[in-house]
Amino acid sequence: MRASRWRHEKGAVMSKGLIAILFDIDGTLITSGGAGTRAWALAFDEVYGTKLDISQLSDLGMTDGEVGSKGLESMLGHKPSNGELEKMLERHLHYLAKTIEESEGYRVLEGAEDLLISLIIKGHMLGLVSGNSEKGAHIKLKRANLNRFFSFGGFGSDSVDRNELTEVAISRAEIAFGGRIVPEQLLCVGDTARDVGAAHAAGIKCVGVASSKFSKQDLKDAGADYVIGSLKEGLPI
Ligand SMILES: [Mg+2]
């Protein structure tokens, strides 16, 4: 809805250059080494007595709400109630703090911290766009002390729909900025086709980073406006 409003008014807005950059988390800034999947298994084990392997049911870039719903549906045989989903999301978060802390495969992806530092120095505002719940996002970034770079975000706890949570992130960017921001003043950075789709749905260009499961060609095919191999290459800005 916002994007269409912008499109109508775009001609009247003077470009002031790039203001804010929105980063995905998993596969873009960090890899948790499977900590998210293990947290889901522990949560399902506690509530239903089965260590459900959520990786068999979910795709990369899905929101926590989508992942929890799919898991519950496979477990219960029906669409979960809001209460059933809320409980699993809460239990998942509870275990995530532990699985992130203990994950041997956790690492910050190549070039991430140096890039964030350089973007802050250049005066850009940095935000998060993540299917993780807001608390889950902060848990995942805390271990590497990366939360300090981000002043706003849109999260899986804002909407189960990645397109919608991108709109939420943009609204919060405007609050943090203290004024209106048009799509040309924003840039998304992500590692999956879903990141590209959500950015484009909001009218924002997307840098695809081939640092996880998607190759450069996959991201090009998904419509990414720019493609880089890792954040070490820097952003095309
Ligand atoms: Mg990702």
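All of these numbers come straight from a predicted model, not from anything done at the bench. Order of listing sets the numbers, starting from 1, for every ligand and every atom in it.
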Practice task
Mind running side chain to side chain donor-acceptor pair (under 3.5 Å) on Thr166 and Asn163 for me, showing each step along the way?
Solution key: CA-CA 5 Å; Thr166 302; Asn163 294 1; 5.7 Å; no

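Tested against Leu128 for a side-chain contact (heavy atoms from CB on, under 4.5 Å), the candidates Leu141, Asp24, Leu22, Thr28 yield a single pass: Leu141.
Under the 4.5 Å side-chain criterion, counting only non-hydrogen atoms from C-beta, Tyr95 is not in contact with Asp45.
When the N, O or S atoms of Asp24 are ranked by distance to the Mg ion (ligand 1), OD2 comes first. Taking the Mg ion (ligand 1) as reference, Asp26 places its N/O/S atom O nearest. Taking the Mg ion (ligand 1) as reference, Asp191 places its N/O/S atom OD1 nearest.
For His138 and Asn132, the side-chain atoms include no donor-acceptor pair closer than 3.5 Å.
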